[in-house]
Every structure is written in structure tokens, then in C-alpha cells.
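In listed order, ligands and their atoms are each counted from 1. In this chain, numbering begins with 1 at the start of the sequence shown.
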Amino acid sequence: MKFNFSAPTELLFGAGAISDNSGCFKRYGSKALVVTGRHSAKLCGALHDVTDTLDKENIAYRVFDQVENNPSIETVEMAAAQGAAFGAQMIVGIGGGSPIDAGKAVAVLCANPEMHAADLFLNRFKKALPLLAVPTTAGTGSEATPYSVLLVKDKETKLSFGSALTQPKCAFLDPRYTLKLGEAQTINTAVDAFTHAFEGYLARRSSPLSACLSLEAMRIFGECLPELEQRKFSGEMREKMLYASALGGVIIAQTGVTIAHGMGYCFTFFKGIPHGRANGLLMDAYIRLNRRDADCAKKIDKAAEVMGLDAAEAVSAAMRRLLGPAVTLTSDEAARYTKLTLMQKGSIANNPYPLDKAAIRGLWDTFRAD
Ligand code: ZN
């Protein structure tokens, strides 16, 4: 047995997490740039709780609220310019995965004003401002990972970067912020959290300790499945999913993701499919492929068992009930997506069943209608 496990983000969980732990902000300076999206952080009350607490702690702040879904490198450069002009000493990212991922990029760019955003992916930066994260969806787990995923238009995909420097210092997990999430967003983000636990469990970089967390996160997701399938979301389920989502972040911070995530970016870039939904639509093909490895097949059966499902096929069936029918692709699209998926070297190397170009093409071909 040989593994490293480091989960340095302080997770502050529960209603009132921000006001109850207001002293955390003061540790990181007296000027904050708040990075968020246009609406959701305002609607759910998270932005108000953050600015209220910053006021009480005498921390000056500016709000950059222009982060779009799947943030671009142009957006993070714009936010970083505002943060640098203000002299920000810390970044507070509020929102789903996008604003928190953008916050990580802004934290690096503010500390390295000479750097171009396109060079983030080289992962060679030596400093970053401290980042505090407030998730308002239950899925991404970005509040507990060093990873930032940004849209790179000229490469026609999403690319990621991250190091110990971009790991959030604190995550304020208040389930009340997730109460007003709409049906599709609730389901898509929950599926994302599940895929983090599941892919992390099957990943080559999985460890005995990360596997414990994966089984626990999948067990909780299994408890939430009936309400997710019926589209009836209780406060208790919201709280459980926020917990499972944070666990998913802790897991993939150790294990990385595998080929479902590596492929999902194509669905998001070309078809506009939200990240969690993209991964969920890939689960059936992903499970079939990875079951070819005998040890992995046993782990997939174990995952189904802890979720309260009777067989691995039931996992795919649950995804279909949550997400509806998959999209279809042409032969040309399958070829193009294969070429782009080959750029996702980390998730290819980490996949349990060995992957070459033909295997990846085979996965995309399962979606073909022609
Ligand atoms: Zn994900």
C-alpha cells in the first residue's frame, strides 16, 4: 500500500456557515475581490452573506459578477485586471463550478500580473492569492479541489490547471444556497457529484482512503436518487447532496478524473450540454468499457450495491431516468471528438481500462446514429 492524501481545504458546513465563521476572511487580508456569476449568487443569498460579513470584518471589496457558464480565459483576464487594480489580497469565489474555477485563475493572475491566462495551463506559476469558496450548487466539488477548468475557444475544448496554490483555503458550505436550484440544474449537478465519486473510485490513482470516501459519497447519492428521479427535492436531500458533492471534490483532488470527464468536454463545447449531464450521458458506454477489466467490474458492482441498486446495469438505467435519452452523433462528429479527447492525457492515463485511439473512437461510436 502506498499513497498520499492531502485535503487541506477547511470545510465549514451548515446553515450560517459564513456568518458563523466570519473570522476566516480576516486571516487573508483586508481587500477582497468577489468573483461570481450574474444572478445565482444574488438570488440564493450567498452574495449578500459574503458582503455583509466582509463589511462586519472591515474588509474592503469589489464584486466582479460577469463569470459565464464555462468561463473563458478572456473573462478571467478581465476579472484579474480589476482585482490587480484594486490591490486585492484574497479572492472569494461564489457560485457553481464556473465562478469558483474562474476564481482560481484570477487568484493566480492577480499574483502574477505579467502572466497571460493562456499560460495557466503550463502550471508553472509560483504564487497565487488565497481563495475562499462558496458553492451554490451541489455537484462540482470545486470548493475542495485545486482544479480550474476553463474554456479555450481556439483549442475547441476545456483545459484544466491547478496546484496546491489553487486549493481553496476555506469552503463555506451552506445548504440553504442550493434550495432554489431549478430541476435540471439540481439533477445535472447531482450527477456530476456522483461521477466524481464513481470515477474517483475506479481511477488508477484511487487509494484505500479515497475509496472510503467514494463509497460514502455514492451511498449518499443512492439515498438521494428516489427524490432526484421524482423531481421532488427536500431540504434534507439538498443538504445530503451538498455533502456528497464536497466529498466528491475531496476525492478527485486525490484521484483525478477519468475518461468520462475527458470526453464530456466535447459534449459541452459542441452541443452546449451542461457538464454534469455530459458526464452522465457517457456513463453507459463508460461502464461497459471499463467492465472489461475484471477488477474494475467488481468495483462497479460494489458501487451499484452501495447505491442500493441491484446491478451495474441499474446505474446506467438510473442515469437514463435522470437525464433522458442520449444525444446522437454523426460519423464526422465521432472522429472530431476522438481527436479532441486524445488531448485529455491525464484522464486517459488515469482510466482503469487502458485506452488507445481506437477505444476512444469506440466510445464515441456508441452515440452514432448514421
Ligand atoms: Zn465534474
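Around the Zn ion (ligand 1), protein N, O or S atoms at less than 2.8 Å comprise D192 OD1, H196 NE2, H261 NE2, H275 NE2.
Inter-residue side-chain proximity for Q66 and R38 is flagged as met; some heavy-atom pair is nearer than 4.5 Å.
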Distance-only donor-acceptor pairs under 3.5 Å for side chains of residues 107-121, two or more places apart:
{"from": "N112", "atom 1": "ND2", "to": "V108", "atom 2": "O", "distance (Å)": "2.8"}
{"from": "N112", "atom 1": "ND2", "to": "K127", "atom 2": "O", "distance (Å)": "2.8"}

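For the ring-ring contact (aromatic ring centres under 6.0 Å, His included) condition, the pairs that include at least one residue of residues 295-348, sequence neighbours left out, are F270-Y337, Y337-W364.
Figure legend: cation-pi geometry between K299 and Y201, with NZ or CZ positioned under 6.0 Å from the six-membered ring centre and within 45° of its axis.
Cluster partners of Y265, by chain and number: V149. The rule joins Ile, Leu, Val, Met, Phe, Trp and Tyr whenever side-chain heavy atoms lie under 4.5 Å apart.
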Give the C-alpha distance, both sets of side-chain angles, the deciding distance and a yes or no for salt bridge (charged side-chain N to carboxylate O under 4.0 Å, His left out) between D365 and R361.
CA-CA 6 Å; D365 278 344; R361 175 65 197 250; 2.9 Å; yes
